[in-house]
Engineer: 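Below is one structure. I have some questions about it.
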Amino acid sequence: MRLRTFHAISATVITSYAAIHIANHLAALGGTATHIAFMEAARSVYRIRFVDAVLLACVLFQVLSGLWLVARGWRQRRGTVSWLQAVAGTYLAFFLVVHVSAVLFGRLSLGLDTNFYFAAAGFQVRPFQLFFAPYYLLGVLALFTHLGCAAYWRAKSSGRSSPFLFIALPVAVGSLVSLVIVLLLAGVFYRAEIPPEYRAIYVPRA
Ligand code: HEM
């Protein structure tokens with residue numbers, strides 16, 4: 001019971017960041033300059049050392065506590081929603097570990113500004129888009145689905161009619177949002193010129 005409460009508190013921190021983060025990626029609909037201007041403004045908050053440290057600590061706690069909750073409840077798990085929540089949460093744990101490690105590696109080890117080009121570079125060098133397209137699509141969708149399942153349990157316990165809507169709506173919105181972000185990164189709406197230092201992550205310079 002205690003662990004679930006902390007898992008929910010930490011989820012609130014990550015979801016607040018993710019809401020700004022996803023809006024930031026959607027801002028690329030207005031062009032890469034709009035995306036980067038949005039990012040600079042948002043960074044003035046989430047790049048404050050204390051805020052960044054709290055966010056990263058929450059990510060670590062979320063992954064460990066989430067995987068523990070999935071493992072602990074494995075045998076008692078019954079029903080579609082319960083399994084959907086566990087599967088979405090497990091993918092989210094994988095996504096967060098890979099995603100945040102890649103961002104920290106890009107920032108601290110490669111010395112790159114981890115902006116739009118950092119994410120888009122993986123879509124413009126074959127065959128890496130075969131990994132990045134499903135990886136990002138499922139990452140965003142898993143977040144919306146996992147939160148939708150939590151909303152479903154709350155709706156159900158408070159006796160609301162049609163609790164399934166609390167999952168269906170986030171899944172529909174998450175599918176659309178993730179598709180738009182991936183199409184933006186893949187250069188379907190417009191082709192962004194990727195600076196050579198970002199392409200070099202995938203194509204080592206001679
Ligand atoms: C298609 C979807 C996504 C893309 C393209 C993407 C890309 C990025 C990029 C480029 C950064 C670096 C930001 C910066 O340097 O200011 C970043 C950081 C991060 N992202 Fe994502 N992201 C996506 C989805 C998500 C989701 C769904 C989550 C959470 C569930 C998430 C969690 C994080 C976290 C925790 C950081 C590290 C923040 C920090 O400490 O600076 N991302 N992402």
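Treat the numbers as computed from the prediction; the structure is a model and nothing was measured. Just so you know, ligand 1 is whichever comes first in the structure, and atom 1 is the first atom listed for that ligand.
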Engineer: Please identify which atoms of ligand 1 are closer than 4.0 Å to at least one heavy atom of Arg43.
Structural biologist: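 Selected atoms, number and element: 14 (C), 15 (O), 16 (O).
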Engineer: For atom 37 (C) of ligand 1, which protein heavy atom lies nearest, and how many Å away is it?
Structural biologist: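 That would be Tyr17 OH, 4.1 Å.
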Engineer: Give the residue and atom name of whichever protein heavy atom lies nearest to atom 32 (C) of ligand 1, and the separation in Å to one decimal.
Structural biologist: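 Minimum-distance protein heavy atom for atom 32 (C) of ligand 1 reads His99 CD2, 3.7 Å.
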Engineer: Quick one: does Asn115 get an N or O within less than 3.5 Å of an N or O on ligand 1?
Structural biologist: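 No, there is no polar N/O contact under 3.5 Å.
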Engineer: Between Tyr117 and Ile36, which heavy-atom pair has the shortest distance, and what is it?
Structural biologist: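 Nearest pair, atom of Tyr117 first, then Ile36: CE1-CD1, 3.9 Å.
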Engineer: I'd like to know if Phe95 contacts ligand 1, where contact means a heavy-atom distance under 4.0 Å to any ligand atom.
Structural biologist: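 So Phe95 counts as touching ligand 1.
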Engineer: Kindly give the heavy-atom pair with the smallest separation between Pro163 and Ala155, and that separation in Å.
Structural biologist: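 That closest heavy-atom pairing would be CB-CB, 4.1 Å.
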Engineer: If you count the atoms of ligand 1 from 1 in the order shown, which ones are under 4.0 Å from a heavy atom of Arg107?
Structural biologist: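 By the 4.0 Å cutoff, the relevant atoms are 39 (C), 40 (O), 41 (O).
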Engineer: Which of the atoms of ligand 1 are close to Leu56, meaning less than 4.0 Å from one of its heavy atoms?
Structural biologist: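 This gives 40 (O) as the contact atoms.
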Engineer: For Thr114 and Arg107, work out which heavy atoms get closest and say how close.
Structural biologist: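 Heavy-atom minimum between the residues: CG2-N, 3.8 Å.
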Engineer: If every non-hydrogen atom of Tyr91 is compared with every non-hydrogen atom of Ala142, which pair is closest and at what distance?
Structural biologist: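 Looking at all heavy atoms of both residues, the closest pair is CD2-CB, 3.9 Å.
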Engineer: Considering only non-hydrogen protein atoms, determine which one is nearest to atom 13 (C) of ligand 1 and report residue, atom name and distance to 0.1 Å.
Structural biologist: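 Sorting protein heavy atoms by distance from atom 13 (C) of ligand 1 puts Thr114 O, 3.6 Å first.
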Engineer: Under 4.0 Å from a heavy atom of Leu185: which atoms of ligand 1 are those, numbered in the order shown and with their elements?
Structural biologist: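 The atoms of ligand 1 under 4.0 Å from a heavy atom of Leu185 are 5 (C).
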Engineer: Determine whether any heavy atom of Val182 lies closer than 4.0 Å to an atom of ligand 1.
Structural biologist: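 So Val182 does not count as touching ligand 1.
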Engineer: Please step through side-chain contact (heavy atoms from CB on, under 4.5 Å) for the pair Leu138 and Phe94, ending with a clear verdict.
Structural biologist: CA-CA 11 Å; Leu138 291 175; Phe94 157 79; over 6 Å; no
Engineer: Considering non-hydrogen atoms of the protein only, which is the closest contact for atom 5 (C) of ligand 1, and what is the distance?
Structural biologist: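 Checked against all protein heavy atoms, atom 5 (C) of ligand 1 sits closest to His25 CE1, 3.4 Å.
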Engineer: CG of Leu92 to CG of Leu67: how many Å apart, nearest 0.5 Å?
Structural biologist: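 Rounded to the nearest 0.5 Å, the CG-CG separation comes out at 10.0 Å.
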Engineer: Only heavy atoms count here, so choose which of Leu96, Leu137, Leu112 is nearest to atom 29 (C) of ligand 1.
Structural biologist: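 The nearest heavy atom belongs to Leu96.
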Engineer: Considering non-hydrogen atoms of the protein only, which is the closest contact for atom 11 (C) of ligand 1, and what is the distance?
Structural biologist: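 I find the closest protein heavy atom is Val103 CG2, 3.6 Å.
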Engineer: His21: which N/O/S atom is nearest atom 21 (Fe) of ligand 1?
Structural biologist: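 Sorting the N, O and S atoms of His21 by distance to atom 21 (Fe) of ligand 1 puts NE2 first.
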Engineer: Ser10 side chain to Cys58 main-chain N or O, any donor-acceptor pair under 3.5 Å?
Structural biologist: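 Answer holds: yes.
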Engineer: If you have a sec, work out which protein heavy atom is nearest atom 16 (O) of ligand 1 and how many Å separate them, to one decimal?
Structural biologist: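 Nearest neighbour among protein heavy atoms for atom 16 (O) of ligand 1, to 0.1 Å: Tyr46 OH, 2.5 Å.
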Engineer: List every atom of ligand 1 that sits less than 4.0 Å from any heavy atom of Val100, numbering the atoms from 1 in the order shown and giving each element.
Structural biologist: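 Every atom of ligand 1 under 4.0 Å from some heavy atom of Val100: 34 (C), 35 (C).
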Engineer: About how many Å separate OH of Tyr152 and OG1 of Thr145, when rounded to the nearest 0.5 Å?
Structural biologist: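 Between atom OG1 of Thr145 and atom OH of Tyr152 there are 15.0 Å.
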Engineer: Can you give me the closest heavy-atom contact between Ala133 and Val182, atom names plus distance?
Structural biologist: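 Nearest pair, atom of Ala133 first, then Val182: O-CG2, 4.0 Å.
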Engineer: If the cut-off is 4.0 Å to any non-hydrogen atom of Ile181, which atoms of ligand 1 fall inside it?
Structural biologist: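 What qualifies from ligand 1 is 1 (C).
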Engineer: Are Phe105 and Phe116 in one and the same hydrophobic cluster, where Ile, Leu, Val, Met, Phe, Trp and Tyr link if side-chain heavy atoms are under 4.5 Å apart?
Structural biologist: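 Per the 4.5 Å side-chain linkage, Phe105 and Phe116 are co-clustered.
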Engineer: Is there a nitrogen or oxygen of Tyr136 sitting under 3.5 Å from a nitrogen or oxygen of ligand 1?
Structural biologist: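 No, no N or O pair falls under 3.5 Å.
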Engineer: Sub-3.5 Å donor-acceptor pair from the side chain of Gln62 to the main-chain atoms of His7, do we have one?
Structural biologist: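 Here the side-chain-to-backbone pair exists.
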Engineer: Quick one: do Ile181 and Tyr136 satisfy side-chain contact (heavy atoms from CB on, under 4.5 Å)? Show the steps, please.
Structural biologist: CA-CA 8 Å; Ile181 294 176; Tyr136 280 128; 6.0 Å; no
Engineer: Please give me the minimum heavy-atom distance between Leu185 and Gln124, naming the atom from each residue.
Structural biologist: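 Reported closest heavy-atom pair: O-NE2, 4.0 Å.
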Engineer: In terms of residue, atom name and distance, what is the protein heavy atom nearest to atom 40 (O) of ligand 1?
Structural biologist: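 Sorting protein heavy atoms by distance from atom 40 (O) of ligand 1 puts Asp52 OD1, 2.5 Å first.
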Engineer: Output the list of atoms in ligand 1 that are nearer than 4.0 Å to some heavy atom of Val140, sorted by atom number.
Structural biologist: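 Listed by number with element, the hits are 1 (C), 2 (C).
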Engineer: Show which atoms of ligand 1 fall inside a sub-4.0 Å distance from at least one heavy-atom site of Val59.
Structural biologist: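 Counting from 1, the qualifying ligand atoms are 35 (C).
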